[in-house]
2 protein chains.
Amino acid sequence: MVEQELSTEKVILEAAKKVFLDKGFDGARMQQIADEAGINKALLHYYFRSKDKLFDAIFEGAFMQFLPNISQVMVSDIPFAEKIRAIVGHYIDMLLENPYLPVFVIRELQRTPEKIIALIKKTGINPESANQMVQKEVADGKIIPISFTHLIVNLIGLCIFPFIGRPIIEGFMFNSDKDAYHKFIMERKTLVADFIINALQIK
Amino acid sequence: MVEQELSTEKVILEAAKKVFLDKGFDGARMQQIADEAGINKALLHYYFRSKDKLFDAIFEGAFMQFLPNISQVMVSDIPFAEKIRAIVGHYIDMLLENPYLPVFVIRELQRTPEKIIALIKKTGINPESANQMVQKEVADGKIIPISFTHLIVNLIGLCIFPFIGRPIIEGFMFNSDKDAYHKFIMERKTLVADFIINALQIK
DNA sequence: GTTTAGTTTAACCATTTGGCAAAATTAATA
DNA sequence: TATTAATTTTGCCAAATGGTTAAACTAAAC
């Protein structure tokens with residue numbers, strides 16, 4: 001038989017993701033997840049023994065989404081400036097679709113840092129190729145001397161802060177004008193890339 | 001008579017600040033705060049009727065500390081580049097002394113955004129003078145066209161992300177080498193300012 | 001018709017917030 | 001100094017919250 005509707009497990013995972021993303025582990029309630037999924041609390045435990053296990057089931061995916069995939073773009077055969085534009089553009093697009101992701105990851109990063117470091121290491125992500133790519137640009141005199149770490153920290157910081165600080169930016173700087181905030185984010189897709197490219201340029 | 005030791009209220013506030021900063025409202029426990037203060041749990045309720053009230057008592061101060069004081073520097077009579085250096089330098093110094101502050105504020109900003117927007121508005125902070133200052137630089141052709149909002153969002157994002165992302169940067173990029181992380185932050189005091197100044201320069 | 005997976009109801013129980021009255025301490029007054 | 005009043009602190013417990021489990025029920029599969 002064809003399952004036309006989502007399986008219970010999927011429904012739970014989706015509900016859990018929604019609630020955990022919004023409230024964080026400490027703020028989330030099993031009851032709220034059950035309500036969101038349209039089932040009862042006990043069923044959550046039938047599928048995922050505990051709150052912790054349920055959380056783990058959604059966390060890895062969410063966290064992986066959070067990490068920008070730098071390496072792929074960095075080793076591709078396009079000019080350096082285009083690489084920056086591509087990474088920033090894709091990353092901000094992802095953030096537009098998952099605006100709660102940064103706050104969620106940051107919160108959990110503070111709660112269980114070791115667990116998350118272990119997760120990154122497990123994935124085998126390796127910044128070495130991207131690092132060498134950047135250092136070659138530096139050596140060739142194409143960009144100012146800067147370590148890969150500083151560069152990537154700058155890039156991510158510039159991309160995520162508008163999402164992290166949304167309440168302040170939208171509520172205070174834009175007097176709760178949602179459209180103004182959205183326009184602001186859209187502007188940043190090119191503005192941030194240009195900002196970085198300009199900052200890296202040698203005078 | 002001279003009170004050589006801190007009053008009970010101060011001790012409680014300090015303990016509360018420490019625990020709330022680390023764990024957030026949802027993660028903090030009254031018992032833990034009492035332990036930290038070396039007093040009885042009931043005494044917390046005697047001084048501050050509820051967890052909410054105790055939280056409010058520490059929040060405003062913490063939040064105000066988080067906001068960089070831009071206006072003061074912006075209207076001062078020094079070259080624009082020096083203003084950027086001053087703001088970034090002071091802000092990173094403050095973050096070095098209060099490394100948990102950004103995550104704390106971000107977490108609570110997500111939990112009760114309205115409350116915090118109201119708080120900012122209450123303080124009467126006004127970005128207008130700083131805004132005009134920046135727009136004059138733009139009009140005079142000293143820097144590229146950029147809105148004050150984009151500029152300040154860039155600046156804050158560049159400053160706070162290394163603190164927010166510390167576990168990843170220190171644990172993953174620097175293989176848990178604390179000294180390397182600290183050196184990295186120190187480098188950023190000048191690097192971030194230079195990065196911004198360079199990015200704003202017209203070619 | 002028996003077994004099994006999925007689901008619900010109901011309850012349990014640990015944790016945590018918060019209230020209250022008594023005890024202890026400090027300050028004020030006779 | 002003794003007494004009284006006010007403040008601070010403690011121990012204890014009520015109430016609520018929230019994660020977890022047990023038991024019962026349903027429906028599908030064999």
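Sequence lines set the chain letters: A, B, ... in the order given, protein chains first and strands last, and positions in each chain run from 1. What you see below is based on every heavy atom in this structure, not just the backbone, and it leaves out hydrogens, waters and symmetry mates.
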With a cut-off of less than 4.0 Å, is there a side-chain N or O of [X] near OP1 or OP2 of [N]?
X       : N      : answer
B:Thr8  : D:dT8  : no
B:Tyr46 : D:dT9  : no
A:Asn40 : C:dT8  : yes
A:His45 : D:dT20 : yes

Over 12 foreign heavy atoms within 6.0 Å of NZ, B:Lys183: no
Residues A:Asn69 and A:Gln72: side-chain donor-acceptor under 3.5 angstrom: yes
Please report the distance, rounded to the nearest Å, between [atom1] in [X] and [atom2] in [N].
X       : N      : atom1 : atom2 : result
B:Ile39 : D:dT8  : CD1   : P     : 13 Å
A:Leu44 : C:dT8  : CG    : P     : 10 Å
B:Arg29 : C:dA14 : CZ    : P     : 17 Å

Six-ring centre of A:Phe25, A:Arg111 cation under 6.0 angstrom, axis tolerance 45°: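 Pair A:Arg111/A:Phe25 counts as cation-pi.
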Sugar-phosphate, base or nothing in reach of A:Ala34, heavy atoms under 4.0 Å: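 A:Ala34: no heavy atom of the nucleic acid under 4.0 Å.
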Whether A:Phe163 and A:Tyr181 hold their rings parallel, tilted or perpendicular, with breakpoints at 30° and 60°: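 Perpendicular, since the angle between the ring planes exceeds 60°.
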Candidate nucleotides D:dG19, C:dT7, D:dT8, ranked by approach to the side chain of B:Tyr47 - the nearest: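 Among D:dG19, C:dT7, D:dT8, the one nearest the side chain of B:Tyr47 is D:dT8.
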Nucleotide nearest A:Ala42 when distance is taken to its side chain, options C:dA10, D:dG11, C:dT7: C:dA10
